[in-house]
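Notes for the one structure printed next.
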Amino acid sequence: MQGAQDPTRQKWFSLGELSRVLGATLRGDAEIRVRGLRPLEVAGPDEISFLTHAKYVSLLSRCKAGALIVSSSFQDLEYPLLISDNPYLTMARAAQLFAPVPEATPGVHPTAWVAPEAQVDPTASLGPLCQVGTGSRVGAGTILHGGVVVGNEVEIGNGCLLYPNVAVLDRCKIGHNVIIHAGTVIGSDGFGFAQDEQGRHVKIPQSGIVQIDDDVEIGSNCSIDRATFGRTWIQRGAKIDNLVMIAHNVVVGEDSILVAQVGISGSTRIGKHVVLAGQVGVAGHLEIGDGARVGAKSGVPHSIKPGEDMLGIPAVPSKQFFQTFANLQRLSQFKEQLRQLQNRVRQLEETMPGE
């Protein structure tokens, strides 16, 4: 059954402890204790905050934080400081230290249903109205919130967290320490049809699976389609935002980021450390090379080389996009110059002898 989290449980750290754990240089009293991390304008004396960019310096005038995480460029501020080469990363790691750990009492809620042939680790937690199908396995410490549906012959590893109404359909594989937010569907049918002689659509059975490797996080209301054959594969450490659509047989490489409303067509391969910004659309059967970045709302009709930055519809190298955009901004100027040239040519023609 699900256990209620105790709001009175509070994590406190001294600045000395934070300095050691985060690998930051401390300037100030190591005995100062803080219980959380909040933005500059709302942090209190028992909390730590962070300053990652000079444009936020004006907020310091009303900042009451007990200490700040900063880069060396702000080391002269009159606050206790944790100085880091990468303050944004240090802030993220500090936030993890203070974040409440999801808690659930091991066991199966009375309203949940587990097939007799399924295996649920005794330390796992299944909430109200969960369903685990025949031959499926749920690993140690995994939490399934209310309404989660696990199909037949599904594998879910250790330490996973599935929020309400997630569906993991037949034969899909989930690794360890995977987080899937509410309403996401893993293993829906790929969109595969052939047309017959009368132009009617004949469904191609989608017999493959979805494989999600360790340390992946998937946002709410995403759809990741099973492969037509083989697997749709989300590799280790990938992070997927809300409302993302991933079609059949797509591969998403390690540590790549797909931001909200990205759509990827079938059989496309996304490399490692790729960033697809919000609402990017990618055509099918393409390759996006390692480290490539595609700007928001871009449409990608062709493969992208490793490390390229692309932008626009259709997506072009970002330098070319901005050059084109700058020229568009000058169209009215070009139009006036063209009109003046036309007038000068007409005047010259009128003064020329003969025809």
> If you measure from the Lys or Arg side-chain nitrogens to the Asp or Glu carboxylate oxygens, is any gap between Arg346 and Glu349 under 4.0 Å?
Replying inline: no

> Side chain of Asn249, backbone of Thr228: donor and acceptor closer than 3.5 Å?
Replying inline: yes

> Is there side-chain contact between Val138 and Val114, with heavy atoms separated by less than 4.5 Å?
Replying inline: no

>> Membership question, hydrophobic clusters at under 4.5 Å side-chain separation (ILVMFWY): are Val42 and Tyr56 in the same one?
In response: no

> So does Glu155 pair up with Arg137, basic N to acidic O under 4.0 Å?
Replying inline: yes

>> I want to check something: taking the side chain as every heavy atom from C-beta on, are Ile288 and Val300 in contact at a cut-off of under 4.5 Å?
In response: yes

> Do the non-hydrogen side-chain atoms of Leu40 and Leu60 ever get within less than 4.5 Å of each other?
Replying inline: yes

>> Looking at Arg27, I want to see if its CZ is surrounded by more than 12 non-hydrogen atoms of other residues, nucleotides or ligands under 6.0 Å.
In response: yes

> Can you tell me if OH on Tyr79 sees more than 12 non-hydrogen neighbours from other groups inside 6.0 Å?
Replying inline: yes

> Side chains of Lys173 and Arg231: closer than 4.5 Å at any heavy-atom pair?
Replying inline: no

>> Do the side chains of Arg236 and Asp255 get close enough for a salt bridge, i.e. N-O under 4.0 angstrom?
In response: yes

>> Would you say CG of Asp85 has more than 12 non-hydrogen atoms from neighbouring residues, nucleotides or ligands within 6.0 angstrom?
In response: no

>> Less than 3.5 Å apart, any donor N or O on the side chain of Gln261 or Gln279 sitting next to an acceptor on the other?
In response: yes

>> Using 30° and 60° as the class boundaries, would you call the ring planes of Phe98 and Phe13 parallel, tilted or perpendicular?
In response: perpendicular

> Is the shortest distance from a Lys or Arg side-chain nitrogen in Arg293 or Asp309 to a carboxylate oxygen in the other one below 4.0 Å?
Replying inline: yes

> What is the ring orientation for Phe193 with His201, classed by angle as parallel under 30°, tilted 30 to 60°, or perpendicular over 60°?
Replying inline: perpendicular

